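Remarks on the structure that follows.
All of these numbers come straight from a predicted model, not from anything done at the bench.
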Amino acid sequence: MCAYGSGTGRLHLRDAHVTDRLQAVGLDILTIDLLGEAERWHDLGTAAYRFDVPLLTRRLLQVLGWLAARRETRALPVGLIGAGTCDAAALVAASRSPYVRAVVSLGGRPDLAGEALLRVSAPTLFIAGEHDEDLIELSQRASAELSCERRLVILPGDTHLSENQAN
């Protein structure tokens, strides 16, 4: 499941490439925006909703509950891909749900998961662009807090803040 909180992450070419690769190997992908249209644009200057990790986590856990309640999906292993601040929500959700089998943090803010990092048991992959030194450092710090299997992949020539947006 790919989770976004700003409404634009799902349009980023790198994020689309990751989901395309996962689908190519036979995985089903559910892409969700954890914020509604009004929330995405509300108080854009302070990004009040986009940085509300408890809100994003609650909504992500609701989706996980919905998947677990459905006969068609309850037995399927679930991985979470979070971009931006939603990677923190994915990590917090993984720390609370045994249903989550893997987490991918796509150039986001895993540091915002706080102490929940200590409780994540799902293997975790951090992906950052080589020009995103701050995000690489945040991913390295978050990775050091995890006791589960983890890995950091740095994409050559890429930056999270690039203009590589799909139309």
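Contact detail for Ala128 and Ile136: the closest heavy-atom pair is CB-CG1, 3.8 Å. When every heavy atom of Leu80 is checked against every heavy atom of Ala90, the shortest pair comes out as CD1-O, 3.6 Å. Here the closest non-hydrogen pair linking Ala68 and Arg74 is O-CB, 3.0 Å. Of all heavy-atom pairs spanning Tyr99 and Val78, the tightest one is CE2-CG2, 3.4 Å. Taking each heavy atom of Ile154 and Gly129 in turn, the nearest pair found is CG2-C, 4.1 Å. Scanning all heavy atoms of the two residues, the minimum distance from Ala88 to Ala113 falls at CB-N, 3.6 Å.
Side-chain contact between Leu152 and Ser143 is absent, with no heavy-atom pair separated by less than 4.5 Å. For the pair Ile127/Ser105, no side-chain contact is recorded, criterion being any heavy-atom separation below 4.5 Å from C-beta on. Looking at Pro110 and Ser139, their side chains come closer than 4.5 Å, going by heavy atoms from C-beta outward.
With rounding to the nearest 0.5 angstrom, the CG atom of Leu76 is 8.5 Å from the CG atom of Leu67. Separation of atoms CG (Leu106) and CG (Leu135) is listed at 11.0 Å; rounding is to 0.5 Å. Between the CH2 atom of Trp66 and the OG1 atom of Thr73 there is a distance of 6.0 Å, given to the nearest 0.5 Å. Of the inter-residue distances, the one linking Arg151 atom CZ with Leu146 atom CG reads 15.0 Å to the nearest 0.5 angstrom. Between the CG atom in Leu56 and the SG atom in Cys86 there is a gap of 4.5 Å [rounded to 0.5 Å]. In this structure, CD in Gln140 is found 11.0 Å from CD in Glu133, a value given to the nearest 0.5 Å.
One N or O on the side chain of Thr57 and one on the backbone of Val53 form a donor-acceptor pair closer than 3.5 Å. Judged purely by atom type and a 3.5 angstrom limit, Glu130 has no side-chain atom pairing as donor or acceptor with the backbone of Leu155. With hydrogens and angles disregarded, a donor-acceptor distance shorter than 3.5 Å links the side chain of Asp87 to the backbone of Arg109. A side-chain donor-acceptor contact under 3.5 Å links Arg59 to the backbone of Leu34. Remark: the backbone N or O of Leu55 is paired with a side-chain donor or acceptor of Asp52 at under 3.5 angstrom. Using a distance-only test at 3.5 Å, with no hydrogens or angles considered, no donor-acceptor pair links the side chain of Ser95 to the main chain of Arg119.
At a threshold of 4.5 Å between side-chain heavy atoms, the hydrophobic network of Ile, Leu, Val, Met, Phe, Trp and Tyr places Leu91 and Leu118 in two separate groups.
Atom CD of Glu72 has more than 12 neighbouring heavy atoms from other residues, nucleotides or ligands inside a 6.0 Å radius.
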